[in-house]
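By convention in this document, chain letters (A, B, ...) are assigned in the order of the sequence lines, proteins followed by strands, and residues within each chain are numbered from 1. Quantities reported herein were computed from a predicted structural model and do not represent experimental measurements.
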Protein chains: 2
Amino acid sequence: MVVYAGQGDPRRSIELLWRRPVAEQRPGPKPGLSVDAIVDAGIAVADEQGMAFSMRAVGERLGRTAMALYTYVPGKNELVDLMYDRTMAELPTSYPLADGWRPAVTRWARDMWELYVRHPWVLQVSQARPVLGPHEFAVIEALAAILVPTGLPGRELRGIVGAVNYFVRGAAQTVAEARAAGGATGEADEEWWYARSAVLMEIEPDLAEKFPALHLLESDREPVDPELPYLENDAVENFRNGLRVLLDGVEAAVRAVAKP
Amino acid sequence: MVVYAGQGDPRRSIELLWRRPVAEQRPGPKPGLSVDAIVDAGIAVADEQGMAFSMRAVGERLGRTAMALYTYVPGKNELVDLMYDRTMAELPTSYPLADGWRPAVTRWARDMWELYVRHPWVLQVSQARPVLGPHEFAVIEALAAILVPTGLPGRELRGIVGAVNYFVRGAAQTVAEARAAGGATGEADEEWWYARSAVLMEIEPDLAEKFPALHLLESDREPVDPELPYLENDAVENFRNGLRVLLDGVEAAVRAVAKP
DNA sequence: CGAGGTTACTTTACGATGTAAGGAGTCGCA
DNA sequence: TGCGACTCCTTACATCGTAAAGTAACCTCG
């Protein structure tokens, strides 16, 4: 389930995201909950159960029914937006530039990647239309602030920011979903892979000849970290090497601007 | 809804994917449907309604009930796997290398990008655990076959293949979801953006000062194609520039191997 | 202090969804 | 001719987001 950013009333959504203070001293019973409490509960539930968490589960965690949430939040979509933005607050808002842009971007990417792995459901919030919350802005600001001093033009910068973003997201998705799928079925990566590749080899024994380049691609594979499961090792390796290549490309662009 | 690759019986899944021929001349009534017909109908419905299509809708398109499908296909997850692999068959299985790897990879990326935009639901099939169908293999084989002749080592190649993949997926997701969200609500990009940015400016007037780098990032924006809606223009621009940067990185790696 | 209106929260209910269970009809082969 | 495998249907269930309406708590104003 990909959740699209606030399709309801834009004003209500944005006021919630930016925490417009609600008028105090209102008639009626004291609120027993708060938007913050609901968002926290939502994140906790989503971390456990993934994006397919239910409003009932969030309510239950707060000792309420699902419908109680609708007093504070217009619907599940908007709650997810709030959860998304609150999650982004876990990241630093700036990175030291003492050693230049490259280590800074690398650290930004690693932090982002770790956040995705920590909160895999975030990967299922639609990227197309930004949530437009304060912390989402801050995260991209942090990356932009690293790259702007390179002197690259806006067009170039947007391409780079996009590419780094896409890359980190994709790389993280690989681990996150590997874990989620394993967790859901209780099946470890190795078992999953083994069961399938065994059947595959039996049904299609000449795979290696049919896809020679792919076979070559899988050569000299060495575990980066023997503690980690199979697919995760792959993902970590791909993240490191892929990011290096990508940043080499950025370096070329930066050099081209520095010495025209 | 992210759909995880075949969590059911591995043998059944893989036999379906590789179209193990079913014994003919079986007792019982003649099958009125076929796996192929169901997969086609599924793709058609998913293209219209997205990944949240229902088994009932697929059945209806074939003049059957939802339950009729379960005779041919174990469940929705497996059907999605089949749809995914069939979709990958739309792509070329090899690219000419006459002009070197770079234009070939560029074309691969563009073809892939267009496929994602054509079938946005494909973006929601989990990447972590491959579907392991013949056409999925063929698509990665095509990319690998372009890059293997560069002489790069396996580790490096995997990083690059991953990065290109992630990048294309991410870039495509941006357009695809922009369209899907617009299509779902009947709301054009411009309206969506306008409604939100107006409220945002009203509530948080000093955005530009709060996020200076972001503000700079948005500078000198020119529509690539005036026919296209707002967000799509962005996406196309980001795709071009991002891919160029990424391939510059690959070029650096290739040169490093060529002349050590 | 008491009435009236507003708010917090609950109960109930509705229309989706994926799919399990079981039955009705159809056909090949003994 | 009948048995058993097969296709397809009907019915049913749990689960989901959330609409509607009711109840009880509480502030404000007379």
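For residues 31-50 of chain A, every residue pair satisfying the salt bridge (Lys or Arg N to Asp or Glu O under 4.0 Å) rule, not counting sequence neighbours, is listed here: A:Arg19-A:Asp36, A:Asp36-A:Arg86, A:Asp40-A:Arg86, A:Glu48-A:Arg61.
Residues passing the salt bridge (charged side-chain N to carboxylate O under 4.0 Å, His left out) test with B:Glu114, sequence neighbours excluded: none. By the side-chain contact (heavy atoms from CB on, under 4.5 Å) test, B:Tyr72 is found to be paired with B:Pro31, B:Leu33, B:Val35, B:Ile38, residues two or more places apart in sequence or in another chain being considered.
Rounded to 10 degrees, the angle between the two end axes of the helix from C:dC1-D:dG30 to C:dA30-D:dT1 is 20°, with five pairs used at each end.
For the pair B:Leu69 CG and C:dA20 P, the interatomic distance rounds to 13 Å; values are reported in whole Å. For the pair B:Met51 CE and C:dG18 C1', the interatomic distance rounds to 15 Å; values are reported in whole Å. Taking atom CE on A:Met55 and atom P on C:dC9, their separation rounds to 14 Å, with Å as the unit. In this entry the distance linking CD of B:Gln49 with P of C:dG18 reads 10 Å, nearest Å. Note: CZ (A:Arg56) to P (C:dC9) measures 18 Å, nearest angstrom. Atom CG in B:Leu33 sits roughly 14 Å away from atom C1' in D:dC6 (whole-Å rounding). Residue A:Tyr70 contributes atom OH, which lies 18 Å from atom P of D:dA21 at whole-angstrom precision.
Of the possible donor and acceptor atoms, none in the side chain of A:Trp121 sits under 3.5 Å from a partner among the backbone N and O of A:Val80. A donor-acceptor pair under 3.5 Å is formed between the side chain of B:Arg169 and the backbone N or O of B:Leu123. When atom types are taken as modelled, the side chain of B:Glu136 and the backbone of B:Val131 share a donor-acceptor pair closer than 3.5 angstrom. Between the B:Glu78 side chain and the B:Pro74 main chain, no donor and acceptor come within less than 3.5 Å of each other.
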Shorter than 3.5 Å, N or O on both sides, protein versus nucleotides 28-30 of chain D: list them out with atom names.
none

Problem - side-chain contact (heavy atoms from CB on, under 4.5 Å) between B:Phe167 and A:Phe167, worked out - result: CA-CA 5 Å; B:Phe167 173 74; A:Phe167 173 74; 5.9 Å; no
Exercise for the section: Start with the C-alpha gap between A:Phe137 and B:Phe211, add the side-chain angles, then the distance that decides, and say whether ring-ring contact (aromatic ring centres under 6.0 Å, His included) holds. Expected result: CA-CA 7 Å; A:Phe137 276 120; B:Phe211 305 109; 5.4 Å; yes
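Judged by distance alone, the side chains of A:His119 and A:Glu90 do bring a donor and an acceptor atom under 3.5 Å apart.
Between B:Ala68 and B:Pro29, the residue anchored nearer the 5' end of DNA chain D, judged by the nucleotide with its closest heavy atom, is B:Pro29. Comparing A:Gly32 and B:Ser54 by the nucleotide of DNA chain C whose heavy atom lies nearest to each, the residue mapping closer to the 5' end is A:Gly32. Between B:Lys30 and A:Tyr72, the residue anchored nearer the 5' end of DNA chain C, judged by the nucleotide with its closest heavy atom, is A:Tyr72.
Contacts between residues 57-67 of chain B and DNA chain D, defined by a heavy-atom separation under 4.0 Å, are made by B:Arg64, B:Thr65, B:Met67.
Here the options are B:Val58, B:Asp81, B:Leu79, the test is side-chain contact (heavy atoms from CB on, under 4.5 Å), and the partner is B:Val39; only B:Leu79 passes.
Distance from the side chain of B:Lys76 is smallest for C:dT19 among the nucleotides D:dG17, D:dT7, C:dT19.
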